[in-house]
Amino acid sequence: MQNKKRTFKIVQHTLLIVFTLIMIYPLVWMVSSSLKESSSVFVNAYSLIPDELHFENYITGWEGFAGITFKTFFTNSAIIAVVATVGSIISSTIIAYGFARIKFRGKSIWFICMMLTMMLPFEMVMIPQYIMFNKFGWIDTYLPLILPTFFGIPFFIFLIMQFIRTIPVELDEAAKIDGCSTFGIFFRVIVPLVVPAMMTSAIFSFYWRWDDFMGPLIYLSTPEKYPVSLALKLFSDPNSVTNWGAMFAMSTLSIIPIFVIFFFFQRYIVDGISTSGLKG
């Protein structure tokens, strides 16, 4: 029996190691390519160890193009990601509280409508949204990328709402006895207890906004307003020689904010998704 358990653990760990290596190989290859000479990136694509380290790729890449450095692109990405994340978390938490705790007419219907929006692919709403934002005069601004998040994100609403439902209703009743209004209960009781779910949503929101390519591609036309995701594409020019080393160098730098945020807030992901909350 012990031999079977030991064999099972060995097989299990071996498979996990293999799948881990498969998952991180593209990342390692990208970092390795960022240190290679541009002309040898695909010539020696199979090799993960550069013949010679070319750290100048990072300097060349940071200089950007057309007089615009990557400092501008990183700043643009940070503005979009941070503002959109703040807006989505605040609005989603308020809406989730309404669905979880407040009784109002048509609550079930509105909840169903919200959940149905999660099933709509972006391609279905892309053209109607563009027409609407164009009539608003929002094209080539950050408004189409930021403002819609201030009206709630269905996935975050559902996640936070499920977390709120694990909080005993008796806490709300006790707060009412102490004289708290509906907003008082929300700010003084609910919000402090749903921080794990809010942080989980914030991590996902920041990652999605930082990584978003299609949105900026559709709505932005001025290079000075491009985020990193769209600026990286400009390195690849079919009409000239592409500096692959510089492009992979900037791609490597672009994932650092995601790693930093995940490293410092990873514990909130497990706590938030598990919707542990308080147990009554």
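Start at 1 with the first residue, then count along the sequence.
- Atom CZ of Phe8 sits in a sparse spot, with 12 or fewer heavy atoms from other residues, nucleotides or ligands closer than 6.0 Å.
- No donor-acceptor distance shorter than 3.5 angstrom exists from the side chain of Ser34 to the backbone of Phe248, with no hydrogens or angles considered.
- We find the CZ-OG1 distance between Arg101 and Thr182 to be 12.0 Å, quoted to the nearest 0.5 Å.
- Atoms CD1 and CZ, on Ile95 and Phe151 in that order, are 9.5 Å from each other to the nearest 0.5 Å.
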Name every donor-acceptor pair, under 3.5 Å, that has one atom in a side chain of residues 103-114 and the other anywhere in the protein, sequence neighbours excluded.
residue	atom	partner	partner atom	Å
Lys107	NZ	Phe99	O	2.7
Lys107	NZ	Ile102	O	3.3

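- Sorted pairs that involve residues 16-30 and meet side chain to side chain donor-acceptor pair (under 3.5 Å), not counting sequence neighbours, are lacking altogether.
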Problem - Derivation and outcome, side chain to side chain contact (heavy atoms under 4.5 Å, CB included), residues Gln129 and Ile218 - result: CA-CA 10 Å; Gln129 281 185 348; Ile218 294 173; over 6 Å; no
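- Note that OG1 of Thr85 and CD1 of Ile146 are 10.0 Å apart. Values are rounded to the nearest 0.5 Å.
- Checked against a 6.0 Å centroid threshold, the rings of Trp210 and Phe262 do not count as neighbours.
- Every pair passing side chain to side chain donor-acceptor pair (under 3.5 Å) that includes a residue from residues 140-159 is listed here, sequence neighbours excluded: Asn76-Tyr142, Asp140-Ser221, Asp140-Thr222.
- Phe136 is linked by a ring-ring contact (aromatic ring centres under 6.0 Å, His included) to Trp138, counting only residues two or more places apart in sequence or in another chain.
- A donor-acceptor pair is defined here as one N or O able to donate and one able to accept, closer than 3.5 Å; such a pair exists between the side chain of Ser88 and the backbone of Ala84.
- Listed by chain and number, the residues in a ring-ring contact (aromatic ring centres under 6.0 Å, His included) with Phe70 are Phe73, Phe235 (sequence neighbours excluded).
- Note that the CG atom of Leu35 and the CG atom of Leu48 stand 11.5 Å from one another [nearest 0.5 Å].
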Practice task
Evaluate side chain to side chain contact (heavy atoms under 4.5 Å, CB included) for Leu234 paired with Tyr226, printing each intermediate quantity in order.
Solution key: CA-CA 10 Å; Leu234 299 182; Tyr226 286 174; 3.7 Å; yes
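- Apart from Val43 itself, the hydrophobic cluster it occupies contains nothing, where clustering links Ile, Leu, Val, Met, Phe, Trp and Tyr at side-chain heavy-atom distances under 4.5 Å.
- Put simply, CD1 on Ile160 and CD1 on Ile190 are 12.0 Å apart, with the number rounded to the nearest 0.5 Å.
- Open room surrounds CD1 on Ile49; 12 or fewer heavy atoms of other groups in view lie less than 6.0 Å from it.
- When every heavy atom of Ser254 is checked against every heavy atom of Val228, the shortest pair comes out as CB-CG1, 3.6 Å.
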Practice task
List the steps, then state whether side chain to side chain contact (heavy atoms under 4.5 Å, CB included) holds for Leu116 with Leu120.
Solution key: CA-CA 7 Å; Leu116 287 175; Leu120 294 176; over 6 Å; no
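- Atom CE of Met214 is surrounded by 12 or fewer heavy atoms from other residues, nucleotides or ligands within 6.0 Å.
- Within 6.0 Å of atom CG in Asn134, more than 12 heavy atoms from other residues, nucleotides or ligands are found, so the atom counts as buried in its surroundings.
- Checking side-chain atoms of Asn57 against main-chain N and O of Lys36 turns up a donor-acceptor pair under 3.5 Å.
- The backbone N or O of Trp244 sits less than 3.5 Å from a side-chain atom of Ser38, completing a donor-acceptor pair.
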